[in-house]
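All remarks here apply to the structure that follows.
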Amino acid sequence: MSAFLKLLARNQLALAGLIVMGIVVVLALLTPLLPLADPDVTNTPARFTPPFSEGAWLGTDHLGRDLLSRLMWGTRLSLAVGFAAATIAATLGAAIGIISGFYGGRVDNIIMRFVDVLMAFPYILLALAIVAALGPGLMNALIAVAAVNIPFFARNIRGITVGIAHKEFVDAARLAGLSDAKIILTEILPNVLPVIVIAMSTTVGWMILETAGLSFLGLGSQPPQADLGSMLGEARNALITNPHTSIVPGVMILIIVMAINLLGDGVRDALDPRLKSGALNRPLPATLVARPAGYTAPAPDGEAVLQLAGLETQFHVGRRTYRAVGGVDLQISPGECVGLIGESGSGKSVTALSIMGLVASPPGKITGGSVFYKGQDLVGAPYERLRSLRGRRVAYIFQDPLATLHPLYTVGDQLIEAVRCHRNVPKSEARAHAIELLRAVRIPNAADRVDSYPHELSGGMRQRVGIAMALANDPEVIIADEPTTALDVTVQAQILTLLDDLRRDRGLAILFITHDFGVVAQLCDRVAVMYAGRIVEDGTVDDILAAPAHPYTKRLMACVPELGGGRRRLEAIPGLPPVVDNLPDGCAFADRCDKARDACRQGTIPLDPLGATRRVRCIDPELQEASA
Amino acid sequence: MTGYILKRLISAIPVLIGISIVVFLIMAMIPGDPATAILGSYATPENVAELNRDLGLDKPLVQRYFIWLSNLMQGDLGRSFNLNRPVLDEVLERFNATLILAGTSFVLCSVLGIAAGVISAARQYGIADKAITFAVLLGISIPSFFLGMMMILIFAVNLRWFPVSGMWPIYGTRDIWALIDHLTMPALALSVVATGVVARLSRSAMLEVLRQDFIRTARAKGVHERSIIWRHALRAAMVSIIPVLGIQAGFVLSGAVYIERVFQWPGIGQMLVDAILRRDILLVQGGVVFVAACYVLFNIIVDVAQSLLDPRIKT
Ligand code: SF4
């Protein structure tokens with residue numbers, strides 16, 4: 001609760017709303033004690049005195065009554081009526097909602113049907129009908145506004161009660177023989193009360209507005225008594241000649257409603273966990289780049305089609321910094337398939353996404369290093385340059401194609417778009433190409449499938465579509481981020497075979513992100529093992545499979561059976577990967593390594609060459625250079 | 001699709017029956033003798049007897065409801081004694097005017113609200129976003145009837161851009177331009193609150209969608225950012241925006257009651273308020289049932305639009 005208040009206080013607008021509302025309420029409470037003129041005493045000779053006159057700060061209305069006094073009394077009345085309506089609606093609505101949610105079944109059904117019917121009305125029609133039946137008057141307007149809002153409370157509270165009614169503590173109370181009434185009062189009510197209060201605080205402004213509206217129409221408070229609405233309603237006739245009589249009550253309503261809205265927004269934001277976690281931040285078109293001043297890119301390797309050099313990517317969440325990628329060097333030659341393997345959280349996916357600037361930003365940021373595509377640094381390249389390479393030269397295949405394909409467009413539309421955002425071809429031609437692509441990834445009945453939506457396809461088919469999309473513009477490099485993880489074993493094998501064939505037919509270079517050594521063994525030429533944002537070992541697949549050098553690689557392999565045994569195996573390594581916002585000095589694997597000793601925890605351990613084609617980041621590798 | 005529309009129409013029947021019951025019961029709450037209440041205190045005993053016979057007012061409540069319902073089904077909403085014409089004629093004529101006003105406002109709030117929300121989300125925390133957020137806060141806080149009055153003061157009285165009130169010029173031709181001239185201010189005033197609500201919701205729906213995996217896929221394809229926002233994200237966000245548009249239609253229809261009063265627009269809201277003040281019960285009853293039924297039907301249209309937009313909805 002106090003954390004909540006703190007959060008609310010940090011929201012300056014909400015605080016301002018709270019203060020303004022506080023002042024208005026205090027003034028309204030104090031009105032009878034203030035030295036004000038009688039609000040109802042008419043003085044026709046002094047009618048329409050302009051504001052700031054002697055004895056009438058805000059002027060007088062069409063009957064010569066003091067506007068300031070009427071404003072204060074009117075505000076008092078409007079607030080009282082609004083709060084009363086909110087309280088009545090909340091109490092009755094909550095009672096109905098709790099009963100409906102607690103008893104469920106038939107009772108619930110009947111009540112909710114009735115609530116549905118009430119909510120099917122445009123709310124004011126219902127209010128007007130009630131006023132029509134009861135006759136105009138402030139009390140009746142109050143009843144009408146409260147009644148109209150009961151269904152809203154009933155529905156909200158019912159939803160929450162349903163959630164609580166089956167919790168253990170309620171069951172326990174039932175078993176203990178407590179009566180229903182007692183359970184509702186002692187177990188349910190305390191749990192729904194905060195929701196009721198919040199719902200009230202967000203609707204009270206609305207109710208004030210509604211009762212003022214009915215009064216404005218002449219259906220609420222009747223003369224000489226006046227709330228803000230009827231003041232405005234009476235002033236309407238003199239709007240053109242004496243606008244101040246309208247502006248005074250109108251601005252007051254505006255102030256009250258705005259203060260309540262600000263406060264309500266603040267409460268809502270303070271309660272929304274997504275705002276704190278930054279989950280409602282919009283990712284920019286390309287990952288932000290903030291390399292240290294004076295950064296000079298190293299000379300690129302001429303042969304690699306894609307080369308990462310000292311790549312660093314961080315996430316800034318609140319005051320914490322997560323070093324997801326901490327200086328990765330990696331090269332991919334044309335036509336080569338490189339595996340990047342590691343546990344979840346090792347930074348392998350972030351590495352893959354950093355290449356084309358696809359790391360969500362905020363909170364992601366590339367803070368160092370370079371990514372060379374054919375010798376040209378893509379980090380910090382203009383957006384348009386990146387965009388023109390994305391999908392055309394370097395394409396991605398993602399995990400779980402149900403989430404990664406647009407749910408509302410047909411796969412054909414999505415393929416056509418992939419073609420047409422890089423090549424200016426007519427739609428019919430792009431469509432023909434799309435069907436061709438679907439055939440290339442061995443989708444049966446491609447000509448029919450092209451008009452399917454993603455949800456109409458099986459997981460394997462969807463992933464084939466994902467691959468077809470990556471192939472749409474004949475890229476040189478495909479970055480496949482765990483493309484088979486979400487699939488079952490047989491489909492997994494089919495997709496891997498497909499990828500392998502495509503790569504040989506088309507001379508594709510592939511960067512294959514996985515946590516599965518079996519997949520690496522089947523598909524890759526070289527492999528790099530990642531741990532805590534760094535590469536700990538790399539080399540040819542054959543060498544590493546034959547004799548892993550890093551203790552971590554050895555562990556990883558030891559608990560990996562054949563291809564596609566599921567996800568459980570990595571958990572077989574004792575301990576957890578370190579949280580990358582607080583890496584220890586020295587070897588990041590030290591806490592889980594059998595061979596760890598003091599020297600392991602000091603300084604930075606370099607990625608040292610081990611023989612001609614291998615590198616390993618360990619002071620005591622499993623095999624020594626001589627035997628490598 | 002036809003099957004789905006049919007299904008939705010059938011599912012609306014219980015709601016419509018519910019609405020008729022609610023309205024009937026509310027009107028049955030009127031204290032005293034209903035015939036006198038309907039006819040007013042000047043009614044002759046013959047009038048009362050006649051009305052009692054026509055509406056079956058001397059019969060028990062349940063029976064009365066069925067008499068009323070069967071008349072309703074035949075389009076007979078009774079007769080307004082104040083206006084001396086059938087309720088249905090008056091309601092249809094007035095509803096026409098309301099439809100023009102509320103319909104325009106609804107289109108305005110949908111288009112402006114969604115556009116503002118999308119721009120706001122696309123430029124999150126930028127100047128445009130802050131400006132829109134502030135305008136939205138102001139918009140949803142200002143009572144529409146007060147806004148309307150201020151608009152009259154500024155744009156009609158001082159600047160003389162638009163006529164002060166009414167739907168048609170008192171003299172002169174009743175063509176589309178005259179209508180637009182009279183319609184602009186009330187339609188704008190009426191749409192402001194709804195625009196704010198739609199903008200707010202569109203912004204958060206867009207922000208939610210923009211973090212989805214399929215947006216990243218589209219970016220990885222090389223789709224241009226403009227198309228990411230307006231094609232990919234908006235399309236997906238519409239799934240959560242459309243139901244809110246349905247709700248806003250109800251709010252616009254409700255707000256029309258105030259705006260019609262401010263601008264002397266001869267719509268059904270004005271008619272209802274006048275009828276309440278004159279205690280023309282049958283007119284109120286007929287008007288409320290009619291508008292509520294129209295709103296239910298409109299929501300079916302919203303559902304159908306939703307199912308057209310989202311292929312995952314089983315039709
Ligand atoms: S450096 Fe030390 S702790 Fe790290 S893997 Fe090698 S032996 Fe184990």
Side-chain angles (χ1 to χ4, degrees), chain A residues 113-114 116-118 120-125 128-134 136 209 212-213 216-219 232 236 239-240 243 246 250 253-254 257-258 261-262 279-283 285 356 358 360 387-388 390-392 395-396 398 400 403-408 417-418 421-422 453 455 469, chain B residues 15 18-19 22-23 26-27 29-30 121-122 124 137-138 140-143 145-146 149-150 152-153 157 204 207-208 210-214 216-225 227-228 232 235-236 250 253-254 257-258 261-262 272-273 276-277 281 284 288 291-292 295-296 309-312:
Chain A
R113 281 295 89 70
F114 190 64
D116 282 345
V117 167
L118 290 183
F121 282 90
Y123 70 92
I124 203 167
L125 280 185
L128 286 181
I130 294 172
V131 173
L134 302 178
L209 201 54
F216 171 78
L217 294 173
L219 305 177
L232 199 56
R236 199 171 63 87
L239 171 66
I240 295 170
S246 304
I253 302 180
L254 174 62
V257 175
M258 191 184 247
N261 279 341
L262 279 174
L280 278 183
N281 279 334
R282 159 206 205 253
M356 282 286 134
L358 289 173
R387 188 194 71 78
S388 79
R390 285 177 182 174
R392 191 169 60 90
Y396 281 84
F398 295 107
D400 186 12
T404 53
L405 292 176
H406 198 297
L408 306 180
E417 185 188 36
C421 61
H422 294 297
Y453 287 95
H455 71 275
M469 205 137 82
Chain B
V15 179
I19 283 176
V22 169
V23 173
I26 291 176
M27 290 308 160
M29 291 188 322
I30 296 172
Q124 194 189 16
L137 177 68
L138 204 65
I140 59 174
S141 301
I142 193 161
F145 40 93
F146 180 53
M149 286 165 72
M150 291 302 108
I152 290 178
L153 207 55
V157 177
S204 64
L207 289 177
E208 197 115 325
L210 278 168
R211 296 203 73 84
Q212 304 277 315
D213 286 347
F214 59 81
R216 190 184 59 197
T217 308
R219 286 194 169 135
K221 283 200 298 195
V223 176
H224 204 282
E225 192 61 14
S227 172
I228 298 266
H232 287 254
R235 173 76 186 260
L253 216 47
S254 295
V257 175
Y258 304 124
R261 176 77 159 190
V262 172
L272 285 173
V273 174
I276 292 172
L277 293 172
I281 300 303
V284 177
V288 170
V291 179
Y295 181 55
V296 169
L309 190 85
D310 188 346
R312 291 167 301 182

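These numbers were taken from a predicted model, which means no experiment stands behind them. Every chain is numbered from 1 and lettered A, B, ... according to where its sequence line falls, protein lines coming before strand lines.
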Any chance you could lay out the side-chain contact (heavy atoms from CB on, under 4.5 Å) test for A:Phe398 and B:Asp213, step after step, and finish with the verdict?
-> CA-CA 9 Å; A:Phe398 295 107; B:Asp213 286 347; over 6 Å; no
Counting heavy-atom pairs under 4.5 angstrom with chain B, the leader among A:Gly391, A:Ser388, A:Gly250 is A:Gly250
Is it the side chain or the backbone of B:Ile152 that comes within 4.5 Å of chain A heavy atoms, both, or neither?
-> side chain
Check whether A:Leu134 gets within reach of chain B through its side chain, its backbone, both or neither, counting any heavy atom under 4.5 Å.
-> side chain
Could you list the residues that satisfy side-chain hydrogen bond (donor to acceptor under 3.5 Å, both in side chains) with A:Arg387, not counting sequence neighbours?
-> A:Glu384
Pair count under 4.5 Å, heavy atoms only, with chain B: among A:Ala395, A:Ala418, A:Gly213, highest is A:Gly213
Closest non-hydrogen atom pair, B:Met27 against A:Ala129 | CE-O, 3.8 Å
Residue among A:Pro285, A:Pro407, A:Cys421, A:Ala403 with most heavy-atom pairs under 4.5 Å to chain B = A:Pro285
Measure A:Leu219 against the heavy atoms of chain B and call it side chain, backbone, both or neither at under 4.5 Å.
-> side chain
Measure A:Phe121 against the heavy atoms of chain B and call it side chain, backbone, both or neither at under 4.5 Å.
-> both
Name the region of B:Leu272, side chain, backbone, both or neither, that has any atom closer than 4.5 Å to a heavy atom of chain A.
-> side chain
Looking only at B:Val23, B:Leu138, B:Val296, most heavy-atom pairs under 4.5 Å shared with chain A are made by B:Leu138
Per-residue contact mode, B:Val157 against chain A (heavy atom under 4.5 angstrom) | side chain
Measure A:Met258 against the heavy atoms of chain B and call it side chain, backbone, both or neither at under 4.5 Å.
-> both
Single hit among A:Ile253, A:Leu209, A:Asn261 for side chain to side chain contact (heavy atoms under 4.5 Å, CB included) with B:Ser141 | A:Asn261
Considering only heavy atoms and a distance below 4.5 Å, find which of A:Phe216, A:Phe114, A:Tyr453 pairs most often with chain B.
-> A:Phe216
Under-4.0 Å salt bridge between A:Arg390 and B:Glu225 = no
What pair of heavy atoms forms the shortest contact from A:Leu408 to B:Pro311, and how long is it?
-> CD2-CD, 3.6 Å
B:Tyr258 versus chain A, the contacting section by heavy-atom distance below 4.5 Å = both
Flag the one option from A:His422, A:Glu417, A:Arg113 with the top tally of heavy-atom pairs under 4.5 Å to chain B.
-> A:Glu417
A:Ser246 and B:Met150 have their tightest heavy-atom pair at CB-CE, 4.4 Å
In terms of heavy-atom contacts, B:Leu277 and A:Gly218 come closest through CD2-O, 3.8 Å
Over all atoms of both residues, closest heavy-atom pair of A:Leu217 and B:Arg261 = O-NH2, 3.4 Å
What part of B:Ala220 lies closer than 4.5 angstrom to a heavy atom of chain A: side chain, backbone, both or neither?
-> both
Without swapping roles, check the side chain of B:Arg216 against the backbone of A:Thr404 for a donor-acceptor pair under 3.5 Å.
-> no
Set of side-chain hydrogen bond (donor to acceptor under 3.5 Å, both in side chains) partners for A:His406, sequence neighbours left out = none
Heavy atoms, side chains only, cut-off 4.5 Å: are B:Val22 and A:Leu118 in contact?
-> yes
Residues A:Leu128, B:Val284; criterion side-chain contact (heavy atoms from CB on, under 4.5 Å); working and verdict | CA-CA 8 Å; A:Leu128 286 181; B:Val284 177; 5.8 Å; no
Heavy-atom distance under 4.5 Å to chain B: side chain of A:Ala360, backbone, both or neither?
-> side chain
Side chain / backbone / both / neither for B:Val257 at chain A, heavy atoms under 4.5 Å | both
Which atoms form the tightest heavy-atom contact between B:Ala292 and A:Pro122, and what is the distance?
-> CA-CD, 4.2 Å
Bottom line for A:Tyr123: the part with an atom under 4.5 Å from chain B's heavy atoms is both
